[in-house]
Amino acid sequence: MPSAWGFTVDVGLHGHVMRHVLHSADEATVRKITEHTTAPGVWLKAFVPPEALEPWLAPGWYLAGGSGYLMSASLPVASTLALGPVPDGYQLDTWTRDGVTRALVRTTDGAFAARGQIAVTGHTAVVDQVETDPAHQRRGLGRLVMRRLTEAATERGATAGVLGATPEGRALYETTGWRVVAPLTSALRGPDPH
């Protein structure tokens with residue numbers, strides 16, 4: 001749901017119910033949002049360093065998720081799309097519902113290995129929730145998911161992609177043509193994680 005300060009995403013996961021993403025953060029906006037949001041499991045994401053965001057947060061909000069980065073790429077990302085087939089022992093399923101394409105990699109016996117999703121909003125696509133189970137890392141599954149997601153986005157007319165990355169994710173994305181454009185700091189409404 002768009003607003004003057006950014007948009008709200010209903011995520012629907014345990015501990016990550018909703019996400020407010022600010023396209024430009026300032027103290028007044030952050031204070032207003034965090035003072036009026038009291039439900040636990042709500043996240044706020046802003047493109048500012050942690051030391052700028054933390055003093056603007058209302059009581060009950062905490063920095064969470066560690067350092068992050070806003071990244072972008074022109075689509076298709078050639079080095080991502082040049083990858084080969086699904087590795088032996090895995091299967092890739094993709095589907096689109098309500099404008100969101102999801103990619104899921106499982107082992108041949110059905111165990112979770114990797115996933116991600118992408119939503120196209122005009123000429124821009126937003127990548128989200130990309131993860132690889134630690135037991136299946138270093139096998140090219142993250143690249144496989146990114147390849148399929150960017151293929152789906154370009155098929156729907158997207159020419160640019162954006163995503164929020166962790167330090168570990170940043171390394172994967174940079175090898176596939178993505179670049180850092182800003183810091184990304186997250187805050188969580190809920191009990192103090194420390």
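Just so we're clear, the structure is a prediction, and the values are computed from it rather than from any experiment.
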Count I, L, V, M, F, W, Y as connected when their side-chain heavy atoms are under 4.5 Å apart, and connections chain through other members. Are [X] and [Y] then in the same cluster?
| X | Y | answer |
| --- | --- | --- |
| Ile118 | Val100 | no |
| Val86 | Phe112 | no |
| Leu104 | Val145 | no |
| Val120 | Val162 | no |

Evaluate side-chain contact (heavy atoms from CB on, under 4.5 Å) for Thr107 paired with His136, printing each intermediate quantity in order. CA-CA 9 Å; Thr107 62; His136 300 279; 3.4 Å; yes
Classify the ring geometry of Trp43 against His16: parallel below 30°, tilted from 30° to 60°, perpendicular beyond 60°.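 Parallel: the ring planes of Trp43 and His16 meet at under 30°.
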For Glu155 and Thr96, run side-chain contact (heavy atoms from CB on, under 4.5 Å): C-alpha distance rounded to whole Å, both residues' side-chain angles, the deciding distance at 0.1 Å, then the answer. CA-CA 12 Å; Glu155 289 166 4; Thr96 302; over 6 Å; no
Are the side chains of [Y] and [X] in contact, using a 4.5 Å heavy-atom criterion?
| X | Y | result |
| --- | --- | --- |
| Arg147 | Thr176 | no |
| Gln129 | Arg115 | yes |
| Leu172 | Trp178 | no |
| Val30 | Val48 | no |

Just verifying a value: how many Å separate [X] [atom1] and [Y] [atom2], rounded to the nearest 0.5 Å?
| X | Y | atom1 | atom2 | answer |
| --- | --- | --- | --- | --- |
| Tyr69 | Leu184 | OH | CG | 10.5 Å |
| Asp26 | Lys32 | CG | NZ | 11.0 Å |
| Arg19 | Thr8 | CZ | OG1 | 11.0 Å |
| Thr108 | Tyr90 | OG1 | OH | 9.0 Å |
| Asp93 | Arg106 | CG | CZ | 4.5 Å |
| Leu92 | Leu144 | CG | CG | 5.0 Å |

Please assess Met71 against Glu174 for the test side-chain contact (heavy atoms from CB on, under 4.5 Å), listing each intermediate value before the final yes or no. CA-CA 9 Å; Met71 300 185 77; Glu174 285 181 329; 3.6 Å; yes
Can you tell me if [X] uses its side chain to pair, donor with acceptor, with the backbone of [Y] under 3.5 Å?
| X | Y | value |
| --- | --- | --- |
| Thr154 | Thr150 | yes |
| Arg156 | Gly99 | yes |
| Gln137 | Thr132 | yes |

Over all atoms of both residues, closest heavy-atom pair of [X] and [Y]:
| X | Y | result |
| --- | --- | --- |
| Ala153 | Ala125 | CB-CB, 3.7 Å |
| Glu51 | Pro55 | O-CD, 3.3 Å |
| Trp56 | Arg31 | O-CG, 3.2 Å |
| Arg189 | Thr37 | NE-O, 3.4 Å |
| Leu188 | Ala64 | CB-CB, 3.9 Å |
| Pro167 | Ser67 | CD-O, 3.2 Å |

Using a cut-off of 6.0 Å, state whether more than 12 heavy atoms not belonging to His23 lie near its atom NE2.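 Yes, NE2 of His23 has more than 12 neighbouring heavy atoms, counting only those of other groups under 6.0 Å.
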For Asp109, look at atom CG and say whether over 12 heavy atoms of other residues, nucleotides or ligands are found less than 6.0 Å away.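 Yes, because the 6.0 Å sphere around CG of Asp109 holds more than 12 heavy atoms from other groups.
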Without hydrogens or angle criteria, can the side chains of Arg148 and Thr101 be said to hold a donor-acceptor pair below 3.5 Å?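 No - no donor-acceptor pair under 3.5 Å links their side chains.
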Determine whether Tyr173 and Val130 satisfy the following criterion, side-chain contact (heavy atoms from CB on, under 4.5 Å), listing intermediate values before the conclusion. CA-CA 11 Å; Tyr173 304 130; Val130 175; 3.4 Å; yes
